[in-house]
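Have a look at the structure below before the remarks.
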Amino acid sequence: QVQLVESGGGLVQAGGSLRLSCAASGRTFSSYAMGWFHQAPGKEREFVASIDRSAGSTYYADSVKGRFTISRDNAKNAVYLQMNSLKPEDTAVYYCAAARNGYYSATYYYTEGRYNYWGQGTQVTVSS
């Protein structure tokens with residue numbers, strides 16, 4: 001069982017930056033692939049970025065490529081999402097997720113169904 005707690009959300013102006021953090025419980029964090037998703041009001045939850053268990057590969061949604069960076073620190077049981085050049089359309093609740101079967105490249109983890117554990121989310125609001 002893994003518990004995930006996101007932090008770092010807030011209100012920022014367009015063009016600004018935020019860094020989200022996700023703290024994970026448990027002793028097997030390094031065996032999990034990790035991902036970030038977001039859900040805007042009235043919309044379905046969407047994939048943002050993923051990272052494999054060893055941080056050897058990452059994968060991004062086209063909408064954030066070049067602006068967001070996912071990273072992890074297995075010694076700290078944490079995964080991060082650095083968000084730069086934020087746009088109003090990035091406004092959403094951001095969720096951290098963990099996949100038990102963490103043996104694949106990050107490209108495998110682009111869909112919700114491949115994750116087993118979810119955090120409660122952190123709100124990101126980008127004003128124009």
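Atoms considered below: every heavy atom in the structure, side chains included; atoms not considered: hydrogens, waters and symmetry mates.
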Could you report the tightest heavy-atom contact between Leu86 and Arg67, atom names first, then the distance? CA-NH1, 3.9 Å

Heavy-atom count around Gln120 CD within 6.0 Å, excluding the residue itself: above 12? no

Which value, rounded to the nearest 0.5 Å, describes the distance between Glu44 atom CD and His38 atom NE2? 11.5 Å

Would you verify whether the NZ or CZ of Arg45 falls within 45 degrees of the ring axis of Tyr95 while also being under 6.0 Å from that six-membered ring's centre? yes

With Phe47 as reference, evaluate Trp36, Tyr109, Tyr59 under the ring pair (Phe, Tyr, Trp, His ring centres under 6.0 Å) test and give the passing residue. Tyr59

Where is the tightest heavy-atom contact between Arg114 and Tyr108, given as atom of each residue plus distance? NH1-O, 2.8 Å

Quick one: side chain to side chain donor-acceptor pair (under 3.5 Å) pairs with a partner in residues 1-26, sequence neighbours left out? Ser17-Asn84

For side-chain hydrogen bond (donor to acceptor under 3.5 Å, both in side chains), just list the numbers for Tyr115 and Arg100, CA-CA rounded to whole Å, side-chain angles, deciding distance to a tenth of an Å, and then say yes or no. CA-CA 7 Å; Tyr115 292 87; Arg100 275 200 306 263; over 6 Å; no

Under 6.0 Å from the NZ atom of Lys65, do we count more than 12 heavy atoms belonging to anything else shown? yes

Main chain of Val126, side chain of Thr91: is a donor-acceptor contact present, judged purely on distance under 3.5 Å? yes

If every non-hydrogen atom of Asn116 is compared with every non-hydrogen atom of Asn101, which pair is closest and at what distance? OD1-N, 4.3 Å

Nearest non-hydrogen partners of Ser127 and Leu11, listed with the distance: CB-CD1, 4.4 Å

Results of ring-ring contact (aromatic ring centres under 6.0 Å, His included) for Phe68 - residues two or more places apart only: none

First locate atom CG of Asp73, then atom OH of Tyr80, and finally report the distance between them rounded to the nearest 0.5 Å. 5.0 Å

So if you build clusters from Ile, Leu, Val, Met, Phe, Trp, Tyr with side-chain heavy-atom gaps below 4.5 Å, do Tyr110 and Trp118 land together? yes

Residues at least two apart in sequence or cross-chain that pass side-chain contact (heavy atoms from CB on, under 4.5 Å) with Thr28, listed by chain then number, are Ser31, Tyr32

Do Ser57 side-chain atoms and Ser105 backbone N/O form a donor-acceptor pair below 3.5 Å? no

Would Arg72 and Phe29 count as a cation-pi pair here, with the cationic atom under 6.0 angstrom from the ring centre and within 45° of the axis? yes

Taking Gly9's backbone N and O only, do any of them form a donor-acceptor pair with Thr122's side chain (distance below 3.5 Å, no angle check)? yes

Residue pair Val12 / Thr125, side-chain heavy-atom distance below 4.5 Å: no

With the threshold set at 4.0 Å, does a side-chain nitrogen-carboxylate oxygen contact exist between Asp90 and Lys87? no

Which atom of Gly121 lies closest to which atom of Val93, heavy atoms considered: CA-CG1, 3.8 Å

Identify the heavy atoms of Ala24 and Leu4 that sit nearest to each other, and give their distance. CB-CD2, 3.6 Å

Quick one: pull up CG in Leu20 and OH in Tyr94 and give me the separation to the nearest 0.5 Å. 7.5 Å

Considering only heavy atoms from C-beta outward, does the side chain of Val79 approach that of Ile70 to under 4.5 Å? yes

In one Ile/Leu/Val/Met/Phe/Trp/Tyr side-chain cluster, 4.5 Å: Met34, Tyr117: yes

Starting from Val124, can I reach Phe37 by hopping between I/L/V/M/F/W/Y residues whose side chains sit under 4.5 Å apart? no

